[in-house]
Number of protein chains: 2
Amino acid sequence: MPESTLIHLLIRKLENFAELTEEEKVALHEAAGPVRSYGSHEDLIREGEHAHGVSVIVSGFACRHKMLPDGRRQIIGYFLPGDMCDARVFILKKMDHTISTLAPSSVTTLPREAVLNITSHHPRLTRAFWWNTLVEEAIGRQWLVSIGQRTALERVAHLFCEVYVRMQAVGLATPEGCELPVTQSELADTVALSTVHVNRTLKELRRVGLVSMSSKSLVIHDLAGLRALAMFDPGYLHLEGEGLIKDRYSHGLLKSL
Amino acid sequence: MPESTLIHLLIRKLENFAELTEEEKVALHEAAGPVRSYGSHEDLIREGEHAHGVSVIVSGFACRHKMLPDGRRQIIGYFLPGDMCDARVFILKKMDHTISTLAPSSVTTLPREAVLNITSHHPRLTRAFWWNTLVEEAIGRQWLVSIGQRTALERVAHLFCEVYVRMQAVGLATPEGCELPVTQSELADTVALSTVHVNRTLKELRRVGLVSMSSKSLVIHDLAGLRALAMFDPGYLHLEGEGLIKDRYSHGLLKSL
DNA sequence: CGATGTTATTAACCTGTGTTAATGCTCGGA
DNA sequence: TCCGAGCATTAACACAGGTTAATAACATCG
């Protein structure tokens, strides 16, 4: 299996849960449809529509977001390269939120039939999909806590920690930092602050020597300090290979669910 | 099948997704373990622990919540009578949040084996479980939008609309209102406001004649007005029986996942 | 039925973040 | 090379909501 293919990063991410066999990797590769390229602020799928497959971000950056009738917007999740959006889409009639790119992105789609095929023939892969879903939910809960309880500074710091660790998990981070192709106003919609206050907050993070953002990327100067400020505990990302432990509990459930 | 048994309300709720056969209902009833009674602020399961089954709230009121190291707390979800907490618990090693009662509650547990049995023999029931999970997630996304973008007044109003509709879905609401056995300080931790400001906000909602809270219950004076103020659109609760439509898409996936 | 703790209410004051608006950057396109 | 449009940055000011603290209303329980 070549080291760099379309869904190389997805595989890399899933392997944070459990190692995949050659056969499973092949199955994933075969599932991938053609790649589509999107520009910088295009919708992959809109609120109210019905999804027809599972999209995988090959490269770029995307998000889920919801808008209130009067235009206020909240970004409720980021999609990094290797992320899937999303496996549960088959059951509910309509999307209750919109998914859009935040940067030029390549996206491949695992068609519905391919996903069905994988989930009926590859229980371990299925379990990895499920794990991925659960991690996504855990991230959502963290965002709720952040927005509800953390100060502006902590909130931005926490988001940066999360993005950095998630980028690491797919090998897209260096010790110095990682890409974060997002404008300040998009950051504002993410952490529920005004654009102006995001700017002030970034300035402060720079001043105290923790992180800085330049030309759409994150430069980490003091990861330990950033973590401490954010009270960041990466446990919720479940990145320490729980596959083996899981096996004992989930085999039957996953096969049948 | 008797009209009022332990998991009567769970069944009632699941039937918002699709009607269940007599056989499926029996299977659910047989799955239910003994009832446990909890007092008012007891933990059902704590962050870091591993869950051993699916708990169903028979009566009472509970919540998921997370605490920051310094004591700030965010409630990230409510469990009403009939709610399950929660079906996905089998896969991840540890809970990333705590579940506690907010009022005296009776809780029954579907043991792991019983859930496995149901999910392997009753695909439609399985699908209903899944639907339930997806609705829970959609609720989480709404809370994120609320806390991120809505004002205090809108936030509280939106929460009240949601609770009222969810209580209706299990037959626990009257045209006048429903129970909401939660203190103002717990409300504060829910909507991410201070206790004092929750009090101010309730006063204002009372003053304009929309809702009032007295002795742990919600008295709705003007539902239309409340909805309008909150910009509440119940669509995300997916309560209009999507079962039939779903069947076409999800059968294979659900059987195998 | 009073003692005690919890919850609700209110007032006065404070602050973190929002708003508005002006200025300056940066980068892709003609 | 210059233009234009979106971004970033900053300052001045406004306000929603937080904090503190005091009191009042309820429960619960001997």
Side-chain angles (χ1 to χ4, degrees), chain A residues 39-42 61 68 70-74 100-104 146-159 179-208 211-219 229, chain B residues 39-42 61 68 70-75 100-104 146-159 179-207 211-219 229:
Chain A
S40 199
H41 290 89
E42 297 187 44
F61 209 87
L68 296 183
D70 64 358
R72 280 174 280 174
R73 180 172 81 132
Q74 177 68 44
S100 314
T101 58
L102 290 175
S146 265
I147 292 181
Q149 303 299 324
R150 287 189 239 261
T151 65
L153 207 64
E154 294 165 347
R155 236 183 270 185
V156 173
H158 196 276
L159 179 71
E179 304 273 296
L180 180 54
V182 144
T183 68
Q184 292 187 6
S185 119
E186 286 155 356
L187 259 183
D189 285 348
T190 306
V191 294
L193 294 169
S194 68
T195 310
V196 174
H197 203 66
V198 164
N199 188 283
R200 291 197 272 250
T201 304
L202 290 177
K203 187 178 172 186
E204 177 65 9
L205 285 171
R206 210 185 308 134
R207 196 187 64 76
V208 298
V211 236
S212 53
M213 267 196 83
S214 64
S215 66
K216 311 269 153 164
S217 72
L218 219 51
V219 182
L229 169 59
Chain B
S40 197
H41 290 89
E42 297 187 45
F61 209 87
L68 296 182
D70 63 358
R72 281 173 279 174
R73 181 172 80 133
Q74 178 66 45
I75 290 176
S100 315
T101 57
L102 291 175
S146 265
I147 291 182
Q149 303 299 323
R150 288 191 239 260
T151 64
L153 207 64
E154 294 165 347
R155 236 182 270 184
V156 174
H158 195 276
L159 179 71
E179 305 271 295
L180 181 53
V182 145
T183 67
Q184 291 186 8
S185 119
E186 287 157 354
L187 260 181
D189 285 348
T190 307
V191 294
L193 294 170
S194 68
T195 311
V196 173
H197 203 66
V198 163
N199 187 282
R200 291 196 272 249
T201 305
L202 291 176
K203 187 179 174 186
E204 177 65 9
L205 286 171
R206 210 184 309 136
R207 196 186 65 75
V211 234
S212 52
M213 266 196 84
S214 63
S215 66
K216 311 266 154 167
S217 73
L218 220 51
V219 183
L229 168 60

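Naming: A, B, ... by sequence-line order, numbering from 1 per chain. Only a predicted model underlies this, so the values are computations on that prediction, with no experimental measurement involved.
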How about E186(A) and H41(A): does a side-chain donor come under 3.5 Å of a side-chain acceptor?
->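 There is such a pair between these side chains.
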Taking atom types as modelled, is there a side-chain donor on R155(B) or H158(B) under 3.5 Å from an acceptor on the other?
->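 No - no donor-acceptor pair under 3.5 Å links their side chains.
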Rounded to the nearest Å, what distance is computed from the [atom1] atom of residue [X] to the [atom2] atom of nucleotide [N]?
X: R72(B); N: dG18(D); atom1: CZ; atom2: P; answer: 13 Å
X: L193(B); N: dT19(D); atom1: CG; atom2: C1'; answer: 14 Å
X: L187(A); N: dG6(D); atom1: CG; atom2: C1'; answer: 16 Å
X: E204(B); N: dT10(C); atom1: CD; atom2: P; answer: 12 Å
X: H41(B); N: dT28(D); atom1: NE2; atom2: P; answer: 13 Å
X: I147(B); N: dA16(D); atom1: CD1; atom2: C1'; answer: 16 Å
X: R207(B); N: dT10(C); atom1: CZ; atom2: C1'; answer: 16 Å
X: K216(B); N: dT7(C); atom1: NZ; atom2: P; answer: 7 Å

For DNA chain C, whose closest nucleotide is more 5', that of S215(A) or that of L153(A)?
->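 Nearer the 5' end of the strand: L153(A).
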Quick check: do [X] and [Y] have side-chain heavy atoms less than 4.5 Å from each other?
X: Q74(A); Y: R150(B); answer: no
X: L159(B); Y: S146(B); answer: no
X: R206(A); Y: T201(A); answer: no

May I ask you to say what A192(A) touches in the nucleic acid, namely base, sugar-phosphate or nothing, with a heavy-atom cut-off under 4.0 Å?
->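 Contact class for A192(A): sugar-phosphate only.
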Select base, sugar-phosphate, or nothing to describe what S194(B) touches, counting heavy atoms under 4.0 Å on all strands.
->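 Base contact.
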Point-to-point distance, once rounded to the nearest 0.5 Å, from CZ of R72(B) to CD of E154(A) =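 Taking CZ in R72(B) and CD in E154(A), the distance rounds to 4.0 Å.
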With rounding to the nearest 0.5 Å, note down the distance linking CG in L187(B) to CE in M213(B).
->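 The distance works out to 5.5 Å.
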More than 12 heavy atoms from other groups under 6.0 Å of CD on E179(A) |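 No, not enclosed.
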Provide a list of protein-nucleic acid N or O atom pairs under 3.5 angstrom, restricted to nucleotides 9-14 of chain D.
{"from": "dT9(D)", "atom 1": "OP2", "to": "Q184(A)", "atom 2": "NE2", "distance (Å)": "2.5"}
{"from": "dT9(D)", "atom 1": "OP2", "to": "N199(A)", "atom 2": "ND2", "distance (Å)": "2.9"}
{"from": "dT9(D)", "atom 1": "O5'", "to": "N199(A)", "atom 2": "ND2", "distance (Å)": "3.3"}

Measure the angle between the two terminal helix axes of the helix from dC1(C)-dG30(D) to dA30(C)-dT1(D), five base pairs each, and quote it to 10°.
->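 One end's axis against the other's: 40°.
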Grab the two heavy atoms, one from A152(B) and one from L193(B), that are nearest each other, plus how far apart they are.
->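 The answer is CB-CD1, 3.6 Å.
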